[in-house]
Amino acid sequence: MEKLLRLSSIYDIIKKAEQCERLSSEDGVRLFKSNDILHIGHVANVIRERKNGNKAYYITNRHINYSNICKNRCKFCAFSRDKEAAGSYEMDMEEILEKAIVAAEEGATELHIVGGLHPDLPFDFYVKMIREIHESCPDMHIQAFTAVEIEHLSQLAKLSVRQTLKILKEAGLGSLPGGGAEVFSPRIREQLCPEKLSGEGWLQVMREAHTLGLRSNATMLYGHVETPEDRINHLIKLRELQDETGGFMSFIPLAFHPRNTELSNRSSTTAMLDLKVIAISRLMLDNFDHIKAFWIMLGVKLSQVSLGFGVDDIDGTVQEEKITHAAGAETPEALSVHEIIKLIKEAGREPVERDTLYSPVKRKQRDVVLQKV
Ligand code: V47
Ligand code: SF4
């Protein structure tokens with residue numbers, strides 16, 4: 001291996017990463033331009049094992065996409081609809097609460113709640129949603145609203161982002177998911193999602209959340225029109241904010257699904273790109289504890305393989321995710337805990353059920369057997 005590695009054009013970068021030296025943007029771009037996936041993956045795996053040992057995390061969770069009505073028109077999104085358009089929907093409070101209660105009864109520890117930027121639901125609706133779920137399911141962690149939604153809510157409430165976050169936190173919000181980050185490059189945002197909160201705006205919402213004690217995830221949507229340089233700049237911005245706040249829990253690379261979007265002429269990501277993005281993210285984000293494979297987007301099989309390429313978390317049972325499925329994802333709607341455990345064990349890893357904040361969940365054996373999801 002060492003002999004082969006010496007012949008590799010990225011030998012110096014692999015050695016740097018192995019010695020825990022921080023990689024520069026030039027290093028990152030060179031890694032993307034290399035096809036030496038086995039050496040990149042190997043060193044990402046070394047770092048992953050130093051951070052997480054042999055553990056592979058999963059969570060029992062449920063997604064609630066409360067509405068697909070959105071005033072933005074991101075070109076990569078197949079989920080959103082105008083209010084009057086065919087296929088638009090919004091769940092009422094009763095429906096949302098029922099989904100939350102059923103999820104709690106079925107053993108979920110987390111609800112992942114996101115939706116479009118609805119033009120006329122009032123701020124009170126969102127606060128009430130969090131409060132009522134929190135009151136009905138006090139043990140459930142509510143991870144809700146991307147930074148983009150938070151900014152939208154602050155405009156509805158005519159309050160600062162900080163004040164908006166404080167009110168939501170008091171109502172029971174536990175943490176923020178990592179969506180809406182896309183790629184921070186202003187050039188790409190102008191091209192794909194000009195109405196969306198800017199990259200700097202996204203980072204500022206996360207900064208505010210972290211300083212209020214609300215932790216969050218981070219994402220990057222890749223495989224559309226971005227360049228390796230755009231990806232690396234994105235990762236470096238995340239790394240800088242993490243140095244400042246330490247508030248990010250995990251990073252989730254999101255593979256673009258083109259079907260039913262304005263970019264439907266583009267092809268889906270390849271396994272080579274998916275594994276490179278995962279492994280290079282693990283190497284660049286030296287201050288992130290966790291790299292998560294969202295199996296819904298990555299596919300179940302590649303998610304399993306990714307456990308040897310830098311990933312230590314394969315998300316969870318998910319249930320009823322609509323955003324990727326609207327864009328043609330062929331993955332199932334949900335995986336059972338038993339299926340997730342089998343995937344992890346077959347990859348030679350030790351499955352650990354975690355809660356949102358990465359504490360292990362202890363269940364009685366009987367409860368695991370009875371778990372419906
Ligand atoms: O913000 C939209 C992306 C995100 C498409 O925090 C698309 O744990 C692929 O952020 N193809 C929402 N992606 C999902 C998300 C997420 C998912 C799982 C876990 C977590 C977490 C966060 O999905 C959006 C956008 O970046 N997206 N359209 C598409 N066609
Ligand atoms: Fe709206 Fe989010 Fe879809 Fe953009 S990605 S159109 S903000 S739902």
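Quick caveat: nothing in here was measured; it's all calculated off a predicted structure. The residues of the chain are indexed from 1 along the displayed sequence.
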Problem - N-O pairing of K196 and E182 below 4.0 Å - result: yes
Exercise for the section: Show your reasoning for whether side chain to side chain contact (heavy atoms under 4.5 Å, CB included) applies to N233 and I236. Expected result: CA-CA 5 Å; N233 289 340; I236 288 191; 5.7 Å; no
Handout entry: Donor on one side chain, acceptor on other, E195 and N72, under 3.5 Å
Key = no
Problem - Between Q204 and E200, a side-chain donor and acceptor under 3.5 Å - result: no
Practice task
Indicate yes or no: at least one non-hydrogen side-chain atom of I96 is less than 4.5 angstrom from one of K99.
Solution key: no
Practice task
Quick one: list whatever passes side-chain hydrogen bond (donor to acceptor under 3.5 Å, both in side chains) with T164, sequence neighbours left out.
Solution key: none
Exercise for the section: Look at the rings of Y66 and F145 and say which category their plane angle falls in: under 30° parallel, 30 to 60° tilted, over 60° perpendicular. Expected result: perpendicular
Problem - F123 ring center near H118 ring center (under 6.0 Å) - result: no
Exercise for the section: Give the intermediate values and the outcome of side chain to side chain contact (heavy atoms under 4.5 Å, CB included) for residues N35 and M272. Expected result: CA-CA 8 Å; N35 284 325; M272 190 74 174; 3.9 Å; yes
Exercise for the section: Determine whether R189 and V183 make a side-chain contact, defined as any pair of heavy atoms from C-beta on separated by less than 4.5 Å. Expected result: no
Problem - hydrophobic_cluster_shared for I280 and V46, side chain cutoff 4.5 Å - result: no
Practice task
Take M249 and L357, measure what side chain to side chain contact (heavy atoms under 4.5 Å, CB included) needs, and give me the verdict at the end.
Solution key: CA-CA 7 Å; M249 297 180 286; L357 304 176; 3.6 Å; yes
Exercise for the section: Determine, stepwise, if the pair S336 / E339 fulfils side chain to side chain donor-acceptor pair (under 3.5 Å). Expected result: CA-CA 5 Å; S336 72; E339 286 167 310; 3.3 Å; yes
Practice task
State whether R30 and D12 are salt-bridged, where the test is any N-O pair (Lys NZ or Arg NE/NH1/NH2 against Asp/Glu carboxylate O) under 4.0 Å.
Solution key: yes
Handout entry: K51 with D312: basic N within carboxylate O range, under 4.0 Å
Key = no
Handout entry: Path from L335 to V352 over hydrophobic side-chain contacts below 4.5 Å
Key = no
Exercise for the section: For the residue pair H134 and I142, establish whether any side-chain heavy-atom pair is separated by less than 4.5 Å. Expected result: yes
Practice task
State, yes or no, whether a side-chain contact exists between D286 and R239 at a heavy-atom distance under 4.5 Å.
Solution key: yes
Exercise for the section: Could you tell me whether the side chain of T211 and the main chain of R207 form a donor-acceptor pair under 3.5 Å? Expected result: yes
Handout entry: Worked verdict on K16 versus D27 for side chain to side chain contact (heavy atoms under 4.5 Å, CB included)
Key = CA-CA 10 Å; K16 229 172 136 177; D27 295 333; 2.6 Å; yes
Exercise for the section: State plainly whether one hydrophobic cluster holds both M93 and V127, where clusters connect Ile, Leu, Val, Met, Phe, Trp and Tyr through side-chain heavy atoms under 4.5 angstrom apart. Expected result: yes
Exercise for the section: Name the orientation class of the two ring planes belonging to H234 and F184 (parallel below 30°, tilted from 30 to 60°, perpendicular beyond 60°). Expected result: parallel
Problem - Short N-O contact, E350 and K55, less than 4.0 angstrom - result: no
Exercise for the section: Kindly say whether A327 contributes a backbone atom to a donor-acceptor pair with the side chain of R259 at under 3.5 angstrom? Expected result: no
Exercise for the section: Carefully, step by step, assess E49 and R349 under the rule salt bridge (charged side-chain N to carboxylate O under 4.0 Å, His left out). Expected result: CA-CA 10 Å; E49 289 186 356; R349 301 289 187 196; 2.7 Å; yes
Practice task
For N217 and S250, test the side chains for any donor-to-acceptor distance below 3.5 angstrom and give the result as yes or no.
Solution key: yes
Exercise for the section: Verify the neighbour count for atom NZ of K237: are there more than 12 heavy atoms of other residues, nucleotides or ligands below 6.0 Å? Expected result: no
Exercise for the section: Report the C-alpha distance between D315 and K292 in whole Å, list the side-chain angles of each, state the deciding distance to 0.1 Å, and finish with yes or no for salt bridge (charged side-chain N to carboxylate O under 4.0 Å, His left out). Expected result: CA-CA 6 Å; D315 204 86; K292 178 153 89 174; 3.0 Å; yes
Handout entry: Close aromatic pair by centroid cut-off 6.0 Å: H210 and F248
Key = yes
Exercise for the section: Go through the steps to decide whether D274 and T269 satisfy the test side chain to side chain donor-acceptor pair (under 3.5 Å), and finish with yes or no. Expected result: CA-CA 7 Å; D274 291 333; T269 62; 2.8 Å; yes
Handout entry: With sequence neighbours excluded, residues passing side chain to side chain contact (heavy atoms under 4.5 Å, CB included) with H152
Key = K71, L117, L156
Practice task
May I ask you to check whether E110 and T356 show a side-chain donor-acceptor distance below 3.5 Å?
Solution key: yes
Problem - Under 3.5 Å: donor-acceptor pair, side chain of S80, backbone of G116 - result: no
Exercise for the section: Examine R231 relative to F32 and say whether NZ or CZ is less than 6.0 Å from the centre of the six-membered ring and inside a 45° cone about the ring axis. Expected result: yes
With a 3.5 Å cut-off and sequence neighbours excluded, list the donor-acceptor pairs that the side chains of residues 341-348 form with protein atoms.
none

Exercise for the section: Answer whether the closest heavy-atom distance between the side chains of Y58 and T317 falls below 4.5 Å. Expected result: no
Exercise for the section: Verify, without hydrogens or angle tests, whether T219 (side chain) and G178 (backbone) share a donor-acceptor contact under 3.5 angstrom. Expected result: yes
Exercise for the section: State, yes or no, whether a side-chain contact exists between H224 and K75 at a heavy-atom distance under 4.5 Å. Expected result: no
Practice task
Can you establish whether the number of heavy atoms outside E229 located under 6.0 Å from its atom CD is more than 12?
Solution key: yes
Handout entry: Under 3.5 Å donor-acceptor, N68 side chain and G87 backbone
Key = yes
Problem - Between H39 and D36: side-chain donor-acceptor atoms closer than 3.5 Å - result: yes
Problem - Minimum side-chain heavy-atom gap P360-R354 below 4.5 Å - result: no
Practice task
Identify the two heavy atoms, one from I64 and one from A100, that lie closest to each other, and give their separation to 0.1 Å.
Solution key: CD1-N, 4.2 Å
Exercise for the section: Evaluate the side chain to side chain donor-acceptor pair (under 3.5 Å) criterion for residues T109 and H141: first the C-alpha distance (whole Å), next the side-chain angles of each, then the deciding distance (0.1 Å), finally the verdict. Expected result: CA-CA 6 Å; T109 63; H141 184 106; over 6 Å; no
Problem - Any F309 side-chain heavy atom under 4.5 Å of I40 side chain - result: no
Practice task
Kindly say whether G174 contributes a backbone atom to a donor-acceptor pair with the side chain of K169 at under 3.5 angstrom?
Solution key: no
Practice task
Would you please test R266 and T261 for side chain to side chain donor-acceptor pair (under 3.5 Å) and show each step?
Solution key: CA-CA 10 Å; R266 301 196 77 87; T261 73; over 6 Å; no
Exercise for the section: Treat each ILVMFWY residue as a node, draw an edge where side-chain heavy atoms are under 4.5 Å apart, and state whether F294 and I59 are in one component. Expected result: no
Problem - Pairs where residues 339-359 contributes a residue and the test ring pair (Phe, Tyr, Trp, His ring centres under 6.0 Å) is met, not counting sequence neighbours - result: Y57-Y358, H290-Y358
Handout entry: Residues in side-chain hydrogen bond (donor to acceptor under 3.5 Å, both in side chains) contact with R187, at least two apart in sequence or another chain
Key = D230
Handout entry: Residues which pass side-chain hydrogen bond (donor to acceptor under 3.5 Å, both in side chains) with D243, listed by chain and number, not counting sequence neighbours
Key = R22, N287
Practice task
Spell out, yes or no, whether L197 and M220 are grouped together once hydrophobic residues are joined by side-chain heavy atoms under 4.5 Å, including indirect joins.
Solution key: yes
